[in-house]
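Computed from a prediction, not measured in an experiment: that's the story for all the values here. The chain is numbered in sequence order, starting from 1.
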Amino acid sequence: QLDLDAIARNNINVNYDPMKFAAVMMRTKTPKKSSVLIFKKGIMTISGVDRQEDVEYYIRFYTNAIKKVHPAACVKSFKIINIATSSILRKNNKIINKLNLSELHRKSIEINSNNCWFTTYDPIMFPGLCHTITVNEKENVKIVLFTSGKITIVGLNNVDQINPAYQICAEWIGKLI
């Protein structure tokens, strides 16, 4: 068990209010922005890391912050569980924006009539058209398409899945537009 109060007191760029959330939130601005949630049981959730090569640096950085209070703290293992990517939709080298997501949702359901649960769009709940795909025959990831033409793919857990996910994404969008 970690002493979250002591971790918060002995570090900078820290938010901790146990009445609101049961973890210490710590941020770093150098070399790049990232943040971590540190839970009492010693679990860390790091976000904002741009490159897979930087993951170990940030693990060491945040572990050293914990070691100020718990000198014996160490990381036994880590696992990447969510890689998010984003891009802008283009056609003939021009950015496509002002998409009619209601129409694209209707078309996507027609294309996937057997599996209409793959695509959801409810602008009251969330402003993006969400489409579930399978990458490498086992991992389900989400493609989110916004009216601005921005595409976000979330749920990847390996950088090797990025290109296959974008290929599937391009095929799906190609059928819609």
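A single hydrophobic cluster is not seen to contain both I88 and L129; linkage of ILVMFWY side chains at heavy-atom distances under 4.5 Å, directly or through other members, places them apart. The hydrophobic cluster containing I151 also contains I111, counting ILVMFWY residues as joined when their side-chain heavy atoms lie under 4.5 angstrom apart, directly or transitively. V154 and L101 are not part of a single hydrophobic cluster, where members link through side-chain heavy atoms under 4.5 Å apart. With hydrophobic clusters built from ILVMFWY side chains whose heavy atoms lie under 4.5 angstrom apart, L145 does not share a cluster with F126. Cluster membership for M25 and V14, using ILVMFWY side-chain heavy atoms within less than 4.5 angstrom, is not shared.
Using the six-membered ring where Trp is involved, F39 and F21 have ring planes that are perpendicular, over 60° apart on the 30 and 60° scheme.
Counting only distance, with no hydrogens or angles, the side chain of N82 and the backbone of G155 share a donor-acceptor pair below 3.5 Å. Using modelled atom types, one side-chain atom of N11 and one backbone atom of A65 make a donor-acceptor pair closer than 3.5 Å. In this structure, the side chain of K142 does not engage the main chain of C130 through any donor-acceptor pair within 3.5 Å.
To the nearest 0.5 Å, the span separating CZ on F78 from CD on E56 amounts to 4.5 Å. Atoms NE2 and OG1, from H131 and T119 in turn, are 4.5 Å apart once rounded to the nearest 0.5 Å. To the nearest 0.5 angstrom, T147 atom OG1 is 10.0 Å from N100 atom CG. The structure places CG of L99 at 11.5 Å from CZ of F146, a figure rounded to the nearest 0.5 Å. In this structure, CD on Q161 lies 10.0 Å from CD1 on I168, to the nearest 0.5 angstrom. Note that NZ of K33 and OG1 of T28 are 11.0 Å apart. Values are rounded to the nearest 0.5 Å.
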Check step by step if side chain to side chain donor-acceptor pair (under 3.5 Å) holds for S86 and T152. CA-CA 4 Å; S86 65; T152 303; 5.3 Å; no
Checking V159 against I83 for the side-chain contact (heavy atoms from CB on, under 4.5 Å) test, could you report, in this order, the C-alpha distance in whole Å, the side-chain angles of both residues, the deciding distance, and whether it holds? CA-CA 8 Å; V159 292; I83 297 172; 4.0 Å; yes
Yes or no on side chain to side chain donor-acceptor pair (under 3.5 Å) for Y62 and S34, after CA distance, side-chain angles and deciding distance? CA-CA 10 Å; Y62 291 120; S34 80; 2.7 Å; yes
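Considering only heavy atoms from C-beta on, I177 comes within 4.5 Å of L104 through its side chain. Looking at heavy atoms from C-beta onward, Y58 lies out of side-chain contact with V36 at the 4.5 angstrom threshold. Residues V55 and I46 are not in side-chain contact: their nearest non-hydrogen atoms beyond the backbone lie 4.5 Å or more apart. The shortest distance between side-chain heavy atoms of I7 and Y16 does not fall below 4.5 Å. Inter-residue side-chain proximity for R60 and V75 is flagged as unmet; no heavy-atom pair is nearer than 4.5 Å.
No more than 12 heavy atoms of other residues, nucleotides or ligands shown are found within 6.0 angstrom of NZ on K40. Open room surrounds CG on N163; 12 or fewer heavy atoms of other groups in view lie less than 6.0 Å from it.
Using a 4.0 Å cut-off between a side-chain N of Lys or Arg and a carboxylate O of Asp or Glu, E110 and R106 qualify as a salt bridge.
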